[in-house]
Structure formats: C-alpha cells, structure tokens
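What follows is a short report on a single structure.
The figures that follow rest on heavy atoms only: side chains count, while hydrogens, waters and symmetry mates do not. Note that this is a predicted model, so its numbers are computed, not measured.
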2 protein chains.
Amino acid sequence: MSSRPDPDALGFVLIDVARMLRSAFERRIASAGLGLTPGEARTLVRIASLEGSRQFDIARRMGIEPMTLSTYLDRLQSLGLIERRPDPADRRAKLIFTTPAASALITGIRTEQLDLMQQVTSGIGADELAQIHGRLKLLRANLSALEEDDAALTLARETGR
Amino acid sequence: MSSRPDPDALGFVLIDVARMLRSAFERRIASAGLGLTPGEARTLVRIASLEGSRQFDIARRMGIEPMTLSTYLDRLQSLGLIERRPDPADRRAKLIFTTPAASALITGIRTEQLDLMQQVTSGIGADELAQIHGRLKLLRANLSALEEDDAALTLARETGR
DNA sequence: GTGAAATCGTAAGCAAGGCTTACAATATAC
DNA sequence: GTATATTGTAAGCCTTGCTTACGATTTCAC
C-alpha cells in the first residue's frame with residue numbers, strides 16, 4: 001500500500017480532462033468565430049432547453065449560484081442572444097427566452113461540440129461510451145447530494161451556534 | 001435527429017463533474033485544516049512523485065504552462081513545503097524538492113482524496129471503476145495530442161505568414 | 001388586513017486557476 | 001565569439017465561480 005498519492009488518481013484525471021476539454025472547446029469556438037466563452041455557450045444551450053424559465057430555476061438546473069448565472073445573462077443579453085421578460089405571475093421574477101439571433105449560434109455550438117467529442121473519444125466504442133456517460137451522470141448525482149449534505153451541515157452549525 | 005444541443009452531453013457532464021469535484025475537494029481540505037487550494041495540492045502531489053525535477057519538466061507533466069506552475073511554487077515555498085535548489089549542472093535551472101514538513105500534508109491529502117472518491121463513486125463496482133479510469137486516461141491522451149496539433153498549426157500559421 | 005419573513009434578482013468585490021507577452025540570465029551551436 | 005535557444009520570472013489579463021449585502025416583491029401568520 002503506497003503512502004504516496006497518485007497524480008493519476010481518478011479525481012485528478014477527471015479534473016485534467018475537464019480543463020483540457022474546456023480549453024479545446026474554447027479554441028474551437030474561437031476559430032469558428034462564435035464569440036462566446038465555454039461558460040456562455042453552456043448557459044445558452046441550457047436556456048434553449050428550458051425556454052421561458054426563471055433565473056432561479058435555470059441556476060439550480062445548472063448547479064451554480066443565481067448570481068453567477070446573472071453575470072452570464074448580462075453578457076448574453078448584451079450580445080442580443082437572450083431576453084429577460086417580466087413574469088406576469090410574479091413581479092419579482094424574470095423569464096428568460098432566447099432570441100431568433102441565437103438559433104444559428106446554438107446550431108453552431110452543437111456542431112463544434114459533436115466534432116470535438118468525436119475527436120476526443122476516438123478509440124472508444126459507442127456502447128462503451130454510453131456506459132461511461134451514464135456513470136458520469138451517476139457521479140454528478142452523487143456530488144449533487146454531497147453538496148446538499150454539506151450545505152445542510154453548515155446551516156445547522158450556524159443556526160445551532 | 002434533434003437540432004438542439006443536449007445540456008447533458010458527455011462534454012458538459014464532464015465539466016460539471018470536474019467543477020463539483022473541485023469544490024467538494026476544496027471543502028474537505030478546508031475542513032481538514034490543510035490550508036491548501038486544490039491546485040496547490042495537485043502540484044504538491046505531483047512534485048512528490050517527481051522529486052528533484054526541474055520546473056519545466058513538472059509543468060509539462062502537469063500539462064500547464066511553466067508560468068502557472070511558478071506561481072504555485074511561490075505559494076508552496078512560502079508555506080515551507082518545497083525548496084528550489086539551483087541545478088549544479090545548469091545554472092539557469094532550479095530543482096524542486098519537497099521538505100520534511102510536506103510529508104504529513106501529503107498523507108493528509110491522500111486520505112481526504114480517498115475518502116471523497118469513495119463517497120462520490122458509491123454505487124459503482126471496483127472493476128467498472130477501473131474501466132472508467134482507464135477510459136478517462138485515454139480521453140486525456142487524446143486531448144493532449146489535440147493540443148499539440150493545434151499548437152503546431154498555430155506555429156505553422158505564424159511562421160508561414 | 002397588516003407586519004414579519006421569505007424569495008427573486010442585482011451590485012460589488014474577491015479567489016482560484018489558468019493564460020500571454022516581455023525579459024534577464026545562462027547555455028549551446030556554429 | 002557571436003547568434004540563438006532555453007529556464008525561470010514579472011506583470012497583468014481572462015474566465016468561472018463564490019459571498020455578502022440590498023431593494024423590490026410576495027407570502028404567510030396572526
């Protein structure tokens with residue numbers, strides 16, 4: 001039993017892959033002239049699949065803080081890709097919609113994404129890929145649960161003190 | 001054939017998992033009182049496995065720019081966890097060593113890492129996990145190759161112009 | 001009904017993890 | 001010996017996230 005942590009441990013590899021993926025995606029989007037950062041692209045795609053939701057819900061779906069989403073929205077809005085419309089049912093809330101200008105971009109994102117992933121996953125069969133995909137989703141769910149646990153703990157500690 | 005990109009596409013899930021993993025790791029390290037950021041921990045672990053290398057080589061192994069590594073080293077050095085010794089064979093270079101003070105920390109990192117990964121991977125069998133691990137390494141290798149290709153292209157474009 | 005508490009979005013500012021460009025010191029090749 | 005390549009550093013930027021504090025609403029308890 002080694003007492004040295006392995007720099008190739010699963011967690012480190014995951015982080016490496018994510019970092020490299022992000023930077024590869026960034027290079028692609030840049031060279032395709034789409035003018036978005038990966039985070040913005042991720043946000044836009046998510047909005048397109050939740051058309052007309054309020055910001056709070058989008059943030060929860062994306063697993064980020066509402067404030068973080070708000071800054072992304074500022075940027076996407078200034079590019080004319082999304083709209084914030086007041087919610088007729090709740091005047092505190094705003095509903096988010098994509099504009100017609102966004103749809104070409106969304107198609108472009110999809111193309112680049114598919115292309116890139118095809119390169120990156122070369123050498124892995126489709127069925128195996130599907131299995132890995134499923135497992136990663138499980139990891140994500142576990143991590144989600146963990147985050148909630150920790151948040152609950154922190155809350156309890158603060159309240160109880 | 002949907003024309004909408006899927007927010008649950010493999011690439012996005014990978015990035016989600018990495019982000020959540022990093023923040024979970026951060027919470028753990030913080031609550032264990034280790035006083036390091038995940039990036040510093042990753043660097044320290046890598047150095048321990050490459051004891052006595054020069055900065056350039058460590059950076060290449062980690063897949064980051066030498067300058068990025070340099071700032072991590074500054075921090076680790078100020079914490080007394082590593083040393084930069086002049087390379088007797090090349091006065092431009094410096095060799096990096098961990099100090100005795102680092103070894104307890106490295107053990108601590110390993111513990112937290114194992115603990116966390118056990119929680120996160122609960123519900124996945126050991127053999128399946130090993131398979132995923134291997135596949136992720138393949139992804140990382142593909143991404144490495146891609147980065148080099150892109151770098152070569154950029155270089156060619158600049159030189160040829 | 002009304003007053004306290006929760007909720008939605010925003011403002012402002014910070015941290016971590018990366019990058020690039022420019023440069024000084026040293027090595028190496030011719 | 002002079003030109004070129006390499007090592008590490010300085011300085012400053014970007015992206016992606018966070019937190020804390022706040023105003024405007026809405027909702028709930030009474």
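Distance, A/I29 CD1 to D/dC14 P: 18 Å, rounded to whole Å. The nearest whole Å value for the distance from the CZ atom in B/R22 to the C1' atom in C/dA15 is 12 Å. For B/L95 and D/dG8, the CG to C1' distance is 12 Å, given to the nearest whole Å. For the pair B/D87 CG and D/dT6 P, the interatomic distance rounds to 16 Å; values are reported in whole Å.
Contacts between residues 54-73 of chain B and DNA chain C, defined by a heavy-atom separation below 4.0 Å, involve B/I64, B/E65, B/M67, B/T68, B/Y72, listed by number.
Annotation for A/Q119 and B/L146: closest pair NE2-CD1, 3.2 Å, computed over non-hydrogen atoms. Nearest heavy-atom pair across B/R19 and A/M62 is NH2-O, 3.3 Å. The two atoms that bring A/G11 and B/M117 nearest to each other are N-CE, 4.0 Å, heavy atoms only.
Partner of B/L14 under the side-chain contact (heavy atoms from CB on, under 4.5 Å) criterion, chosen from A/L139, A/L136, A/I132: A/L136. Across A/L79, A/T99, A/L36, a single residue satisfies side-chain contact (heavy atoms from CB on, under 4.5 Å) together with A/L105, and that is A/L36.
Salt bridge status for A/R110 with A/D115: absent, with no side-chain N to carboxylate O gap under 4.0 Å. Electrostatic pairing of A/R46 and A/D57 does not count as a salt bridge here, judged by no charged N lying under 4.0 Å from a carboxylate O. The pair A/D90-A/R54 meets the salt-bridge criterion, since a charged nitrogen lies less than 4.0 angstrom from a carboxylate oxygen.
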Set out, line by line, the N/O atom pairs under 3.5 Å between protein and nucleotides 21-28 of chain D.
unit_1: D/dT26; atom_1: OP1; unit_2: A/R91; atom_2: N; d: 2.6

With 3.5 Å as the limit, what N/O pairs link the protein to nucleotides 1-4 of chain D?
none

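Both A/R84 and A/R19 lie near DNA chain C, and the one whose nearest nucleotide falls closer to the 5' end is A/R84.
The distance from the CG atom of A/D16 to the CZ atom of B/R140 is 5.0 Å, given to the nearest 0.5 Å.
Among the protein residues, A/R75 comes within range of no part of the nucleic acid, since none of its heavy atoms lies under 4.0 Å from any strand.
Judged purely by distance below 3.5 Å, without hydrogens or angles, the side chains of A/Q113 and A/R28 never pair a donor atom with an acceptor atom.
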